[in-house]
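Hydrogens, waters and symmetry mates play no part in the numbers below; they use all other heavy atoms, side chains included.
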Amino acid sequence: MIITLKDGSSKEYAGQMAIIDIAKDISEGLARVACAAEVNGEVKDLRTVIDADCELNILTAADPKGLAVYRHTAAHVMAEAVKRLFPEAKLTIGPSIDNGFYYDFDHAAFSRDDLDKIEAEMKKIIKEGKALERFTLGRDEAIKFMEERNEPYKVELIRDLPEDAEISFYSQGEFVDLCAGPHLMSTKNIKAYKLISSSGAYWRGKSDNAMLQRIYATAFAKKEELEEYLAYLEDIKNRDHNKIGREMELFTTVDVIGQGLPLLMPKGAKMIQTMQRWIEDLEDNEWGYVRTKTPLMAKSDLYKISGHWDHYKEGMFVMGDEEKDKEVFALRPMTCPFQYFVYKASQKSYRDLPIRYGETSTLFRNEDSGEMHGLTRVRQFTISEGHLIVRPDQMVEEFKNCLALAKHCLTTLGVEEDVTYHLSKWDPDNSEKYIGAPEVWEETEQHIRDILNELEIPFTEDVGEAAFYGPKVDINTKNVYGKEDTMITVQWDALLSEQFDMYYIDQNGDKIRPYIIHRTSMGCYERTLAWLTEKYAGKFPTWLCPEQVRVLPISEKYADYANDVLKELKKNGILATMDNRSEKIGYKIRETRLAKVPYMLVVGQNEQEEGKVSVRSRYAGDEGQKELQVFIDEITKEIRTKEIRQIEVEEQK
């Protein structure tokens, strides 16, 4: 048989051979670091025997697919360590993931001390250097095998496998796990690993199942790579908006108020207010929007017209019982049906369209408790919501304009490079989740596809992510932990105007159904604040900062002059404070840096006599003395233009 290698060369063998033996024939060094192999593009175990011509690519930990196998074996080593230390723990699943691996156990919560003990036990297992061996069993025998080991979750997994599935196991000494593989040849090949954390996780991700304990970990082939990754983890931990937001007193949460209901503190509220005023003025003055203000709740009748009652009721906060109460209300999860009735309040002509309604909307969604996270996943939130009522011939151009507005907002915030675009489509295999005929969906999805291609916006297509009434463009980003969230949406709706009997009078006097665009210009304010906090590690652009300048008198003798400076700053709309504590100036400067204030103005005898201020910034360090009015002119321009200054110097510790 002829084996064609990745570099185009080939090897010829008289008979069948295991992949590991082929690797040894190529190079003993390659065999030592091999994790798995691709055979005709399919990842296979090194134990796999090849008996026909094929293309073969030996995978090491330098390849993502090889690293995944490496980490999967590390997960088995971790599981064995847990079973040695905590024999009563029940095994479930333990896959590799993008940044490492995890394993879920039915056991009490693991402490950091427990994780350290598990790490130490893993070291012993790796040192023992036991070979991993694969074997298969028939269905009944496999079930009996795991029942005898008292592993009920494994039994459940086996029972759920297709009747014709090959049921494989991997053993490493006395430890055996149900697994499809592939795996390394021996535990001794694991070089560098770290158990990161432990948290609760529902069995199979369903809240009505048992709560398990998930141990997150990572592994690398080189110690240096592990150390680099751990340093990265420390950085993202320090960027986590939950940490920074509380340290900077942007927001807090309270158990008695409820999960997913954060309290915005004065600084956080000021930042939200700044963004909200910017967006409202931008939409109304430059993009042709008109404001509406609609109720926070409505009767179920409204949501039945729109279809939300049938398609989204589980995600709503409902007040009342339809079987008992005359009227049932629900807090609104969206604003669209309310704005439709604003449109319907008077008859519209084709000349009136497009109409662009904008509203700063507070919405409520009954998110699962396991999904709550800081400001990114909450149950009450506020968005820059809008609905455009347009003629069909205006739809494409208005849709482009919505994307342009979104891009403008992203650019102003300095995050345009951090997003990805997605065409969220319906799932024809689950058509009961949607309204409208297949041909409507195909046509509207093609319109969006054409728009994105024309604008040269790279995008991916996601089946099943559309709203129940139409496809959309989702603009997504990832938080510091790699979880993807949708920040902005632009949705194409050719269906709901029919359900709400919306129309306009065309030039012939006929009633015509309009199209609707559902969109956000910046998205959810709370989620955006979390995003920006992590993006800038709390060092926000000056125009967004809740405290833009802090005045620091060198001593109490200069407090009156410092106060005059403060008043002048405030008179010019600058968010400024003064630190008049009887502390040394060095201490005040350090405190100001820790508070992430972009500018500090130090004033003493020289500054008072000359009517100046000594400027220090996080951008250029010591900027020297300046006339107060010069500084005011500079910073007000920076705020007005929403400039994002780059940090030019390392901050002193």
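Asp98 CG: 12 or fewer foreign heavy atoms inside a 6.0 Å radius. For Lys223, the NZ atom is loosely surrounded, since the number of other residues' heavy atoms within 6.0 Å does not exceed 12. In this structure, Glu314 places its CD atom where only 12 or fewer heavy-atom neighbours from other residues, nucleotides or ligands lie under 6.0 Å away. By the neighbour-count criterion of 12 heavy atoms within 6.0 Å, atom CD of Glu484 is densely surrounded, having more than that number from other residues, nucleotides or ligands. Around NZ of Lys90, the count of heavy atoms belonging to other residues, nucleotides or ligands within 6.0 Å exceeds 12.
Listed here is the closest heavy atom pair of Pro471 and Ala466: CA-CB, 3.9 Å. Considering every non-hydrogen atom in both Val43 and Ala36, the closest pair reads CG1-CB, 4.2 Å. Heavy-atom minimum distance, Met372 versus Val378: SD-CA, 4.3 Å. Nearest approach of Ala180 to Ser168, heavy atoms of both residues: CA-OG, 3.4 Å. Residues Gly464 and Asp427 approach most closely at CA-CB, 3.9 Å, considering heavy atoms.
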In a table with atom names and distances, give each donor-acceptor pair under 3.5 Å that connects a side chain of residues 140-151 to protein atoms at least two apart or in another chain.
residue	atom	partner	partner atom	Å
Glu147	OE2	Arg159	NH2	3.3
Glu151	OE1	Leu91	N	2.8
Glu151	OE2	Lys83	NZ	2.8

Under 3.5 Å, which donor-acceptor pairs link side chains of residues 100-113 to any protein atom two or more places apart or in another chain?
residue	atom	partner	partner atom	Å
Tyr103	OH	Lys154	NZ	3.1
Tyr103	OH	Asp177	OD2	2.7
Asp104	OD1	Arg214	NE	2.7
Asp104	OD2	Arg214	NE	3.4
Asp104	OD2	Arg214	NH2	3.0
Asp106	OD2	Tyr153	OH	2.5
His107	NE2	Glu88	OE2	2.9
Ser111	OG	Asp113	N	3.4
Ser111	OG	Asp114	N	3.1
Ser111	OG	Asp114	OD2	3.2
Arg112	NE	Asp116	OD1	3.2
Arg112	NH1	Leu195	O	3.1
Arg112	NH1	Ile196	O	3.2
Arg112	NH2	Asp116	OD1	3.1
Arg112	NH2	Leu195	O	3.1

Result block: side-chain N/O donor-acceptor pairs under 3.5 angstrom for residues 18-32, not counting sequence neighbours:
residue	atom	partner	partner atom	Å
Asp25	OD2	Tyr13	OH	2.7
Ser27	OG	Gly29	N	3.2
Ser27	OG	Leu30	N	3.2

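Using a 4.5 Å cut-off on side-chain heavy atoms (C-beta onward), Phe251 and Asn242 make contact. At least one side-chain heavy atom of Asp240 sits under 4.5 Å from a side-chain heavy atom of Glu534. No side-chain heavy atom of Asn479 sits under 4.5 Å from any side-chain heavy atom of Trp531. The shortest side-chain heavy-atom distance between Thr4 and Leu56 does not fall under the 4.5 Å cut-off. No side-chain heavy atom of Pro333 sits less than 4.5 Å from a side-chain heavy atom of Leu363. You'll find the side chain of Phe468 stays beyond 4.5 Å of the side chain of Asp310, heavy atoms only. Considering only heavy atoms from C-beta on, Tyr216 comes within 4.5 Å of Ser199 through its side chain.
Within the 3.5 Å criterion, the main-chain N or O of Ala165 finds no donor-acceptor partner in the side chain of Arg139. Without hydrogens or angle criteria, Asn40 side chain to Cys54 main chain gives no donor-acceptor distance under 3.5 Å. The main-chain N or O of Asp418 is found under 3.5 Å from a side-chain atom of Thr477 such that the two form a donor-acceptor pair. Ser186 places a side-chain N or O within donor-acceptor distance of the main-chain N or O of Lys188, the cut-off being under 3.5 Å. Of the possible donor and acceptor atoms, one in the side chain of Thr60 sits under 3.5 Å from a partner among the backbone N and O of Ala62. Thr533 contributes a side-chain N or O that, together with a main-chain N or O of Leu529, makes up a donor-acceptor pair within less than 3.5 Å. In terms of modelled atom types and a separation under 3.5 Å, the side chain of Glu121 and the main chain of Leu85 share no donor-acceptor contact. Of the possible donor and acceptor atoms, none in the side chain of Gln380 sits under 3.5 Å from a partner among the backbone N and O of Phe364. Using a distance-only test at 3.5 Å, with no hydrogens or angles considered, no donor-acceptor pair links the side chain of Thr252 to the main chain of Leu263. A donor-acceptor contact shorter than 3.5 Å is absent between the side chain of Thr253 and the backbone of Pro262.
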* When you look at Ile488 and Leu410, which way does the side-chain contact (heavy atoms from CB on, under 4.5 Å) test go after all the steps? -> CA-CA 10 Å; Ile488 297 173; Leu410 294 170; 3.9 Å; yes

* Asked: Between Phe459 and His422, does a side-chain contact (heavy atoms from CB on, under 4.5 Å) hold up when you go through it step by step?
  -> CA-CA 5 Å; Phe459 66 96; His422 302 256; over 6 Å; no

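Residues forming a ring-ring contact (aromatic ring centres under 6.0 Å, His included) with Trp426 (at least two apart in sequence, or on another chain): Tyr434, Trp441. Residues satisfying the salt bridge (Lys or Arg N to Asp or Glu O under 4.0 Å) test with Glu80, not counting sequence neighbours, are Arg84, Lys130. Among residues two or more places apart in sequence or in another chain, the side-chain contact (heavy atoms from CB on, under 4.5 Å) test is passed with Lys206 by Asp208, Asn209.
In this structure, Lys237 NZ and Lys243 NZ are separated by 7.5 Å, a value rounded to the nearest 0.5 Å. Rounding to the nearest 0.5 Å gives a distance of 11.5 Å between CD1 of Ile244 and CG of Leu532. Separation of atoms OG1 (Thr486) and CG (Asp474) is listed at 4.0 Å; rounding is to 0.5 Å. The structure places CE of Met265 at 12.0 Å from CE of Met248, a figure rounded to the nearest 0.5 Å. From Gln172, atom CD reaches atom CD1 of Ile126 across 10.0 Å, with rounding to the nearest 0.5 Å.
At a threshold of 4.0 Å, the pair Arg377-Glu367 counts as salt-bridged, since one of the basic side-chain nitrogens sits closer than that to a carboxylate oxygen. Under the 4.0 Å criterion applied to side-chain N and carboxylate O atoms, Asp45 and Arg47 are assigned as salt-bridge partners. Using a 4.0 Å cut-off between a side-chain N of Lys or Arg and a carboxylate O of Asp or Glu, Lys44 and Glu42 qualify as a salt bridge. Electrostatic pairing of Lys124 and Glu128 does not count as a salt bridge here, judged by no charged N lying under 4.0 Å from a carboxylate O. Look at Lys194 and Glu119 and you find a salt bridge, because one of the NZ, NE, NH1 or NH2 atoms lies within 4.0 Å of a carboxylate O, short of that distance.
His72 and Ser96 share no donor-acceptor pair across their side chains, judged by distance under 3.5 Å alone. No side-chain donor-acceptor contact under 3.5 Å links Thr376 and Asp485. A donor-acceptor contact closer than 3.5 angstrom is absent between the side chains of Arg204 and Thr92.
Relative orientation of the Phe135 and Phe169 rings is parallel, given thresholds of 30° and 60° on the angle between their planes.
Within the cation-pi definition used here (under 6.0 Å to the ring centroid, within 45° of the axis), Arg71 does not qualify as a partner of Tyr193.
The distance between the ring centers of Tyr525 and Phe381 does not fall below 6.0 angstrom.
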